[in-house]
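First the structure, then my questions, so here it is.
These numbers were taken from a predicted model, which means no experiment stands behind them.
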Amino acid sequence: AAPSRRPSLPDAPEPLLLERREETGDDVHVDRITADGGVWTGGTVSAELHGGEWAFGRREPRWRHERTLPAGAVAALKDAIAASGFFATPAEHLPDAAVIHASREVWTAELDGRRHTSTLHARGTTEAEPLTRLAAALEEALDAED
């Protein structure tokens, strides 16, 4: 079998707090929160709005600083990571049956000197409660007002 080729990005912004990496084939999109509240996105897919229509394409992998979260949102995200059960979740979550052209979601968190990564294979089919909690906490942090 041919080796799996994971899309790569240049060196990621540090220090890490939480990262969600969505991979579909050779395409990747990453949401990354650094410990200082920096919100970074990265990926290989471009999306532009032209005349009310979205146009998608490929681009060189790069990171983009979107904004910095308020201190309260960072504190709430840290609390949610600690309470999620993420650090006890397995490194991989597999579907019950084969899924064709499935994407995967790779979660990594670093908190209080602990770093853990867990991969959800067949995103949308496979579920893991700690990752569902992280997703909700990430969305809440990203929705926080400046």
Handout entry: Donor-acceptor under 3.5 Å (Arg20 side chain, His29 main chain)
Key =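 The answer is no, because no donor-acceptor pair under 3.5 Å joins these two groups.
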
Exercise for the section: Indicate yes or no for a side-chain donor-acceptor contact from Thr89 to the backbone of Phe86 under 3.5 Å, with no hydrogens or angles considered. Expected result: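 Absent.
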
Practice task
Taking Thr24 for its side chain and Ser103 for its backbone only, find out whether a donor-acceptor pair lies under 3.5 Å.
Solution key: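 Not confirmed, Thr24 side chain does not pair with Ser103 backbone.
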
Problem - Heavy-atom closest pair, residues Pro13 and Trp40 - result: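 Looks like CG-CD2, 3.3 Å.
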
Practice task
Could you walk me through whether Leu134 and Leu18 pass the side chain to side chain contact (heavy atoms under 4.5 Å, CB included) test, one step at a time?
Solution key: CA-CA 9 Å; Leu134 282 186; Leu18 181 64; 4.0 Å; yes

Exercise for the section: Check the pair Glu23 / Arg21 against salt bridge (charged side-chain N to carboxylate O under 4.0 Å, His left out), numbers first and verdict last. Expected result: CA-CA 6 Å; Glu23 301 174 348; Arg21 178 184 179 101; 2.5 Å; yes

Practice task
Would you indicate whether the side-chain heavy atoms of Trp107 and Leu138 approach each other to under 4.5 Å?
Solution key: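 Yes; the side chains approach each other to less than 4.5 Å.
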
Practice task
Examine the side chains of Thr41 and Glu66 and answer whether a donor and an acceptor come within less than 3.5 Å of each other.
Solution key: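 On atom types as modelled, these side chains qualify, holding a pair under 3.5 Å.
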
Practice task
Working to the nearest 0.5 Å, report the span between OG1 of Thr126 and CZ of Arg104.
Solution key: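 Atom-to-atom, Thr126:OG1 and Arg104:CZ are 12.0 Å apart.
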
Handout entry: Side-chain heavy atoms of Glu19 within contact of Val30, under 4.5 Å
Key =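 The answer is yes, as the side chains (C-beta and beyond) meet within the 4.5 Å cut-off.
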
Problem - Stepwise salt bridge (charged side-chain N to carboxylate O under 4.0 Å, His left out) test for Arg133 and Glu129 - result: CA-CA 6 Å; Arg133 288 187 200 117; Glu129 188 59 34; 3.8 Å; yes

Problem - Close side-chain approach of Ile81 and Leu17, heavy atoms under 4.5 Å - result: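 In contact.
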
Problem - Same cluster (ILVMFWY, side-chain, under 4.5 Å), Leu77 and Val39 - result: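 Per the 4.5 Å side-chain linkage, Leu77 and Val39 are co-clustered.
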
Exercise for the section: Please answer whether the main-chain N or O of Glu92 pairs with a side-chain N or O of Thr119 as donor and acceptor at a distance below 3.5 Å. Expected result: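 Flag not set: sc Thr119 to bb Glu92 has no pair under 3.5 Å.
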
Practice task
Could you pull out the closest heavy-atom pair between Val106 and Thr117, with the gap in Å?
Solution key: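 Shortest heavy-atom separation between Val106 and Thr117 comes out as CG1-CG2, 3.6 Å.
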
Handout entry: Non-hydrogen atoms of His93 and Leu131 that approach each other most closely
Key =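 Of all heavy-atom pairs spanning His93 and Leu131, the closest is CD2-CD1, 3.8 Å.
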
Practice task
Give the cluster check for Trp63 versus Leu69: same hydrophobic cluster or not, with ILVMFWY residues linked at side-chain heavy-atom distances below 4.5 Å.
Solution key: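 They do not share one cluster, since no chain of ILVMFWY contacts under 4.5 Å joins Trp63 to Leu69.
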
Handout entry: Heavy-atom closest pair, residues Ala144 and Ala73
Key =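 Distance-wise, the nearest heavy atoms are CB-CB, 3.6 Å.
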
Problem - Heavy-atom closest contact (Leu16 atom, Arg115 atom, distance) - result: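 That would be CD2-NH2, 3.4 Å.
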
Problem - SB check Glu14 Arg32 (cutoff 4.0 Å) - result: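 Salt bridge flag = yes for Arg32 with Glu14.
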
Exercise for the section: Classify the angle between the aromatic ring planes of Phe87 and His116 as parallel (below 30°), tilted (30 to 60°) or perpendicular (above 60°). Expected result: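 If you compare the ring of Phe87 with that of His116, the planes turn out tilted.
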
Problem - Nearest atoms (heavy-atom pairs only) where Val74 meets Gly37 - result: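 Scanning both residues, the minimum pair turns out to be CG2-CA, 3.5 Å.
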
